[in-house]
Amino acid sequence: MVSVSSCYFLQQPTTITRHLLSSTRHVCCIPHVPPHLLTPYKYQFKIVNLSIAGSRVTETEMEVNGGAVSDPGTIRSQFLQLLRTRRNAQVPMTVEPAKPVVKPLFQDVTPPTFSEAMESCPKANIGNLKELLKEENLYLHTEPGDQGKLPVLILSTKGNNQEKRPAVVFLHSTHKCKEWLRPLLEAYASRGYVAIGVDSRYHGERASSLTTYRDALVSSWKNGDTMPFIFDTVWDLIKLADYLTGRDDIDPTKIGITGESLGGMHASFAAFADTRYAVAAPIIGVQGFRWAIDNDKWQARVDSIKAVFEEARTDLGKNEIDKEVVEKVWDRIAPGLASQFDAPNTVPAIAPRPLLIVNGAEDPRCPLEGLEIPKTRAYKAYGDAHSDKFKLVAEPGIGHQMTPLMVKEASDWFDQFLK
């Protein structure tokens, strides 16, 4: 057990922290340790809650052991605290105009050229759609440094600028970029949405070579000062919500989020972390990291970013990658991913906002069995009153692949709850 020798609170909270903490009556305090040490093998520490009831303040203690905390407000506050520990300074969010990307960078050896699933997205029958599309390219500055510059691509249809529309944010998969999402963005824009695509950390305009993302993961393992796997991009998505909710053409109560694979992870964690994402539909991204470790089903996920695990294996003096290596890597590059911030806690925390999880029934990276506990807890969290707002679809015979059926399911989900 780590003793609590000193604690800190959020003094003069930013717009983001005020919003995220507004849904709970708890203020959390965690051990104040240097960021590079906030990566224990198992999360076992004491959290002190200050529960405000009217004018009376009472102190309670809660034990956290490997992800036992399930109160949405508490765990959301913990996650925000974790994101803040890796940021030495806050910067005012600024918007910078950008130019369209002519030659997008894909970190695949063979760049992709076509996606049947993306091209299948339902589109309004508009003959001159290309002429009606309005394209915006910009950068949001979310924190100091090169990776704090978030590239954003926005598509909508030209029309009455006073009209507030629903919006959907799209996140790409590993080694892709926002330009890859264009068929989806155009399809949603044709149906009256403001469609937004971004480059995740170390991808697209935030990458400089075919190994940028791989190198960032290895660096995170070595230095423990960044969280390139999922969490740092979630910080960007919280800042993106700040920007989107302030736009004149977007209804701030009708912002959805979706993504494929890595983008599906980004979407689900952003929806967990920020309640301004009103509807979520992650595709082939939601999984149980702890379940995979405990049930020896981690290999496919590890193989997708194997370089960092090989580096850890060498550093730990192992002859092969095993479950101990896997757990230590997750704890280092994404603290809490296989414990308190795993799916059994984060998925039900999205309730009662509409959540659609779409996976392949045979996906080795997102084993369906690993979602049994998150699914059970989610049904309980949504309850009878909101039972129509949670749905898990597992497409038979499909592995780790986004299909036209998945794209259609997500499209229908947003139409049902945002329009």
Side-chain angles (χ1 to χ4, degrees), residues 35-41 79 82-83 85-87 105-109 142-143 145-151 171-177 198-237 259-270 284-285 287 289-290 292-293 298-318 320-339 341-342 364-366 400:
H36 69 281
L37 295 180
L38 196 62
T39 52
Y41 178 69
F79 186 70
L82 172 64
L83 297 185
T85 64
R86 301 303 173 91
R87 278 144 190 93
L105 175 62
F106 296 93
Q107 294 181 60
D108 297 298
V109 176
T142 64
E143 64 179 78
D146 292 342
Q147 289 300 317
K149 190 175 181 179
L150 174 66
L171 290 311
H172 59 77
S173 58
T174 303
H175 296 160
K176 303 295 193 300
C177 57
V198 304
D199 286 330
S200 63
R201 297 280 174 127
Y202 308 98
H203 286 76
E205 293 185 74
R206 304 167 101 173
S208 58
S209 72
L210 296 179
T211 64
T212 297
Y213 181 49
R214 183 192 71 184
D215 296 344
L217 293 169
V218 172
S219 176
S220 178
W221 163 256
K222 292 287 192 182
N223 302 310
D225 55 349
T226 59
M227 297 181 292
F229 188 69
I230 306 176
F231 291 176
D232 282 342
T233 294
V234 174
W235 175 264
D236 294 332
L237 294 172
E260 173 193 5
S261 191
L262 176 62
M265 299 183 223
H266 290 150
S268 62
F269 270 91
I284 61 172
Q287 63 214 265
F289 287 90
R290 166 55 51 191
I293 292 172
W298 46 263
Q299 292 84 357
R301 171 56 59 201
V302 165
D303 285 345
S304 69
I305 49 172
K306 197 168 185 178
V308 64
F309 292 93
E310 286 290 358
E311 194 77 19
R313 175 192 65 77
T314 301
D315 290 348
L316 296 171
K318 298 269 191 173
E320 60 183 17
I321 299 172
D322 59 18
K323 64 188 299 182
E324 182 184 4
V325 173
V326 174
E327 185 163 16
K328 285 185 178 292
V329 168
W330 291 145
D331 280 349
R332 183 72 165 168
I333 72 173
L337 182 65
S339 51
F341 304 135
D342 200 1
R365 296 188 193 179
C366 305
H400 194 72

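Annotation: side chain of Leu171 is not in contact with side chain of Leu262 (no heavy-atom distance under 4.5 Å). Using a 4.5 Å heavy-atom cutoff, the side chains of Arg214 and Leu217 are not in contact. Using a 4.5 Å cut-off on side-chain heavy atoms (C-beta onward), Leu82 and Pro335 make contact. Residues Arg206 and Asp146 are not in side-chain contact: their nearest non-hydrogen atoms beyond the backbone lie 4.5 Å or more apart. Under the 4.5 Å side-chain criterion, counting only non-hydrogen atoms from C-beta, His400 is in contact with Arg301. Looking at heavy atoms from C-beta onward, Phe229 lies in side-chain contact with Trp330 at the 4.5 angstrom threshold. Phe341 has its side chain within reach of Phe269: a pair of non-hydrogen atoms, C-beta onward, lies under 4.5 Å apart. For the pair Thr174 and His203, the minimum side-chain heavy-atom distance is below 4.5 Å.
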Could you give me the CA-CA distance, side-chain angles and deciding distance for Trp298 and Glu327, then say whether side-chain contact (heavy atoms from CB on, under 4.5 Å) is met?
-> CA-CA 10 Å; Trp298 46 263; Glu327 185 163 16; over 6 Å; no
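Using a cut-off of 4.0 Å between Lys/Arg side-chain N and Asp/Glu carboxylate O, Arg332 and Glu311 are scored as not salt-bridged.
At distances below 3.5 Å, not a single donor-acceptor pair connects side-chain atoms of Glu205 with backbone N or O atoms of Asp199. Between the side chain of Asp342 and the backbone N or O of Phe289, at least one donor-acceptor pair lies under 3.5 Å. For Arg290 (side chain) and Ala338 (main-chain N/O), a donor-acceptor pair under 3.5 Å exists by modelled atom type. Under the 3.5 Å distance criterion, the side-chain polar atoms of Ser173 are left unmatched by any main-chain donor or acceptor of Glu260. Of the possible polar contacts, none joining the Asp236 side chain to the Leu150 backbone as a donor-acceptor pair under 3.5 Å is found. Listed for the Ser220 side chain is no donor-acceptor partner under 3.5 Å among the backbone atoms of Ala216. In this structure, Thr233 contributes its side chain and Arg201 its backbone to a donor-acceptor pair below 3.5 Å.
For an aromatic pair to be called close, the ring centres must be under 6.0 Å apart, and Trp235 with Phe79 fails this.
Applying the side chain to side chain contact (heavy atoms under 4.5 Å, CB included) test between Val302 and each of Val329, Ile321, Val325 identifies Ile321 as the sole match.
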